[in-house]
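Reading through the structure tokens given below for one structure.
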Number of protein chains: 4
Amino acid sequence: MTPSPARRRESSRRAILTAAFDLLSEVGYAKVSIEGIAARAGVGKQTIYRWWPSKGAVIFDAFLMLSEGNEGEPPALPDTGDLEADLTAVLHATVEELNDPRYDQPMRALATEIAHDAELAAAYAERLDGPLKEAKRQRLRSAQQAGHLAEDLDLDVAVEMIWGPLLNRWLQRSGPLTAEYADRIVTTALHGLRPRRSGE
Amino acid sequence: MTPSPARRRESSRRAILTAAFDLLSEVGYAKVSIEGIAARAGVGKQTIYRWWPSKGAVIFDAFLMLSEGNEGEPPALPDTGDLEADLTAVLHATVEELNDPRYDQPMRALATEIAHDAELAAAYAERLDGPLKEAKRQRLRSAQQAGHLAEDLDLDVAVEMIWGPLLNRWLQRSGPLTAEYADRIVTTALHGLRPRRSGE
Amino acid sequence: MTPSPARRRESSRRAILTAAFDLLSEVGYAKVSIEGIAARAGVGKQTIYRWWPSKGAVIFDAFLMLSEGNEGEPPALPDTGDLEADLTAVLHATVEELNDPRYDQPMRALATEIAHDAELAAAYAERLDGPLKEAKRQRLRSAQQAGHLAEDLDLDVAVEMIWGPLLNRWLQRSGPLTAEYADRIVTTALHGLRPRRSGE
Amino acid sequence: MTPSPARRRESSRRAILTAAFDLLSEVGYAKVSIEGIAARAGVGKQTIYRWWPSKGAVIFDAFLMLSEGNEGEPPALPDTGDLEADLTAVLHATVEELNDPRYDQPMRALATEIAHDAELAAAYAERLDGPLKEAKRQRLRSAQQAGHLAEDLDLDVAVEMIWGPLLNRWLQRSGPLTAEYADRIVTTALHGLRPRRSGE
DNA sequence: TCCTAACCGAGACGGTACGTCACGTCTTCAG
DNA sequence: CTGAAGACGTGACGTACCGTCTCGGTTAGGA
């Protein structure tokens with residue numbers, strides 16, 4: 001997102017991204033303005049327009065900055081050997097985070113920016129969601145190799161089948177987002193909709 | 001959403017909703033303004049502000065008007081007895097619609113408004129999504145009664161597990177939205193992630 | 001300058017023009033901004049842009065408003081029968097006014113706007129300067145009819161020859177602007193540059 | 001205006017002044033910016049700010065550079081012995097120049113800067129206008145000594161009475177600026193406003 | 001002949017103002 | 001007496017320049 005790293009003031013960059021994220025959780029997405037970010041960051045508007053093409057791009061970079069701390073080692077899901085337990089734990093944490101008022105507003109902002117801006121969506125897929133999704137696939141692959149998942153399982157679809165309902169319910173507010181709901185997703189996804197064979 | 005139907009001119013109402021929907025697909029969500037809708041509809045701004053509390057409400061009502069034709073008989077999914085075939089057919093149609101440029105932008109607009117406005121989300125859940133979701137549940141219930149689905153299956157979760165990945169991929173643009181992808185969702189959801197027992 | 005007098009709020013108009021004139025004498029022409037005028041007048045910027053095409057037009061109208069009080073009876077120069085005394089008195093008053101710090105800055109602003117905007121210059125010539133110049137011509141014409149001025153005198157040139165040097169010295173600061181200087185202009189203009197005939 | 005000639009690049013100085021003058025006649029005074037001058041001159045902004053205190057000073061120096069060619073010998077008005085003819089010729093040339101689109105805009109810019117900046121006005125009076133005005137006075141003085149002008153004539157006032165109306169009409173656009181108008185000024189100024197004595 | 005200070009181009013920076021758009025409220029006037 | 005038309009105060013937009021401030025890279029001139 002950030003263009004040529006020419007003679008750019010790092011302190012301003014951080015101030016802008018921090019201000020953007022803070023404003024997001026304070027006043028909500030719709031009321032965040034470039035002007036407001038600039039004022040809060042103690043920065044000229046032009047400094048924002050010089051380096052970011054849109055409000056969405058600033059917000060995106062703000063998220064990127066937050067996740068920069070964990071750089072170096074790629075993220076990984078816990079792997080105790082018990083897939084169901086591991087998935088449940090991870091989904092519980094996700095539910096927790098999505099319900100946290102500090103993150104709810106900013107993440108909705110990011111989600112809707114992505115929904116309206118294909119370029120941003122691509123950057124998201126590559127820089128933010130990519131590593132995470134790979135970690136999810138990796139956990140399933142590990143279970144697959146241990147014989148706990150079908151050999152011919154489509155890992156991409158499997159990942160989306162577990163996390164998709166969760167994200168959907170959160171974003172569309174189509175129902176309460178609870179740990180219990182997460183549990184039902186995991187068990188239902190693992191067993192499938194079909195009746196269990198006898199002897200299982 | 002629509003308040004008391006007092007002394008209200010129906011022709012203006014329809015003109016406003018039509019203008020809103022058309023503008024949505026023409027210029028995109030971000031560039032639709034109340035002022036623009038009023039101008040396009042040949043209506044004073046006050047006439048909009050009098051009857052709708054927000055831009056989102058107008059958009060919502062525009063969708064409501066579109067689905068008004070089918071009122072009377074509640075919607076139902078096809079039921080040939082072959083669940084997999086029926087689901088596949090329905091999902092294919094959904095993929096088609098989501099990829100249709102006439103509906104893509106407006107539906108993104110609706111999704112965004114819902115994501116940021118709890119009240120609108122409730123109205124959506126009740127008036128627009130509710131009947132549809134019931135139809136989906138009903139189709140699964142029918143299969144369940146025929147013994148094709150697990151007896152203790154959580155129908156709500158099942159519905160979200162089938163449609164969630166699709167909507168998510170569309171809204172977040174996390175991958176190509178194809179009929180083939182719909183197929184993979186259906187088979188994966190039906191079988192579950194676990195290895196199949198021998199003899200199946 | 002003011003376009004169609006449609007449904008326009010007179011109170012805002014007066015507030016704008018008053019604010020413009022006051023700012024002019026307070027902070028000087030260069031530092032007067034539309035934004036500043038709007039803020040001081042308690043008015044939206046758009047209300048200024050709606051009715052005036054440029055900053056100069058606002059300033060011009062501010063002057064017009066000031067001179068509106070004297071409307072009705074056209075201005076006239078004193079006519080005691082003694083031309084030299086009358087001219088001297090009028091020029092002294094003009095010198096006084098040009099040296100008054102309350103009017104110096106605003107009038108410089110008007111003068112330079114006119115210098116750069118032909119349309120404004122035309123409006124000035126017609127609405128503000130026109131009546132005044134006619135009064136000057138009239139006083140000379142009266143003297144002419146009394147036989148105190150040459151029969152074939154070009155009144156236009158005569159007027160500019162008396163007031164031109166004064167305005168020039170003021171605007172270009174080419175020398176001190178004093179009553180004594182005004183006196184010298186009057187006597188020199190009346191006698192001309194040529195040597196006086198004997199017997200005069 | 002130009003500070004200590006320390007280690008200063010002459011080529012940049014000339015490029016800046018040339019760019020300033022050219023821009024002045026091309027885009028008009030109001031649209032000339034330091035940034036624009038720097039860009040056109042291929043020079044850093046700081047190089048302008050280092051050597052000139054204001055935009056007006058640059059413009060002033062640009063005029064100074066133009067008149068540098070004639071340095072050495074002070075300017076002089078033609079002196080054929082026929083004052084009226086000489087004045088008419090000079091005023092015709094001035095009218096020509098003021099009507100020349102190449103000089104009109106830049107000279108208005110200079111006049112405006114002078115009107116708003118006392119310091120600049122002083123520099124103008126001394127460096128640019130001074131020698132010229134002295135030449136005008138000198139021509140009148142010569143006529144005076146030849147007995148063609150009044151012995152006690154105030155030469156300063158006389159000069160301003162001839163050139164003042166011309167400059168005024170140009171700057172304020174209070175009427176067409178023609179050779180014929182110049183003629184009328186000369187004859188009126190020479191004869192004065194009073195009736196001619198018989199026998200003249 | 002090298003060192004070092006100043007000047008130079010370039011352009012990022014915190015700002016101010018520009019002129020425009022849309023907001024949501026209000027007032028007017030024609031049907 | 002409704003409702004279109006649109007003026008109003010407000011506030012954000014994205015742009016242009018302001019004057020200051022580094023950056024490297026010349027470019028002299030004193031050692």
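Please read all numbers here as calculations on a predicted model, not as lab measurements. Each chain gets a letter, A, B and so on, in the order the sequences are listed, and its residues count up from 1.
- Separating the CH2 atom of C/Trp51 from the P atom of E/dG19 is a distance of 18 Å, rounded to the nearest angstrom.
- Distances shown here put a side-chain N or O of A/Thr47 below 4.0 Å from the OP1 or OP2 atom of E/dG14.
- Across the protein-nucleic acid pair, A/Arg13 atom CZ and E/dA12 atom P stand 16 Å apart, rounded to whole Å.
- B/Glu126 meets the side-chain contact (heavy atoms from CB on, under 4.5 Å) test with no other residue; sequence neighbours excluded.
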Sort me out a list of protein N/O and nucleotides 17-27 of chain F N/O pairs below 3.5 Å, or just none if empty.
| residue | atom | partner | partner atom | Å |
| --- | --- | --- | --- | --- |
| F/dC18 | OP1 | D/Ile34 | N | 2.9 |
| F/dC18 | OP2 | D/Ile34 | N | 3.2 |
| F/dC18 | OP2 | D/Glu35 | N | 2.9 |
| F/dG19 | OP2 | D/Tyr49 | OH | 2.8 |
| F/dG19 | N7 | D/Lys45 | NZ | 3.2 |
| F/dG19 | O6 | D/Lys45 | NZ | 2.6 |
| F/dC21 | N4 | D/Gln46 | NE2 | 2.2 |

Identify each donor-acceptor pair in which a side-chain atom of residues 29-38 of chain D lies under 3.5 Å from a protein atom, sequence neighbours left out, and give them as a table.
| residue | atom | partner | partner atom | Å |
| --- | --- | --- | --- | --- |
| D/Tyr29 | OH | D/Glu113 | OE2 | 2.4 |
| D/Ser33 | OG | D/Gly36 | N | 2.9 |
| D/Glu35 | OE2 | D/Lys45 | NZ | 2.7 |

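- B/Arg50 places its CZ atom 14 Å from the P atom of F/dA5, with the value rounded to the nearest Å.
- Look at CD1 on C/Ile37: it is 13 Å from C1' on E/dC18, rounded to the nearest Å.
- Between A/Ser12 and E/dA12 there is no side-chain N or O to OP1 or OP2 distance below 4.0 Å.
- The CD1-C1' distance, from B/Ile48 to F/dA5, rounds to 13 Å in whole Å.
- Residues passing the salt bridge (charged side-chain N to carboxylate O under 4.0 Å, His left out) test with A/Arg9: none are found, sequence neighbours excluded.
- Counting to the nearest Å, the P atom of E/dC7 and the CD1 atom of D/Ile16 are 13 Å from each other.
- Qualifying ring pair (Phe, Tyr, Trp, His ring centres under 6.0 Å) partners for D/Phe21, counting only residues two or more places apart in sequence or in other chains: D/Phe63.
- Annotation: cation-pi pair C/Arg8/C/Trp52 present, NZ/CZ under 6.0 Å from the ring centroid and within 45° of its normal.
- The CD atom of D/Glu10 sits 14 Å away from the C1' atom of E/dC7 (whole-angstrom rounding).
- Here side chain to side chain donor-acceptor pair (under 3.5 Å) pairs that include residues 15-26 of chain C, with residues two or more places apart or in two chains, are C/Glu26-C/Arg40.
- Following rounding to the nearest Å, B/Arg40 (CZ) and F/dA4 (P) show an atom-to-atom distance of 17 Å.
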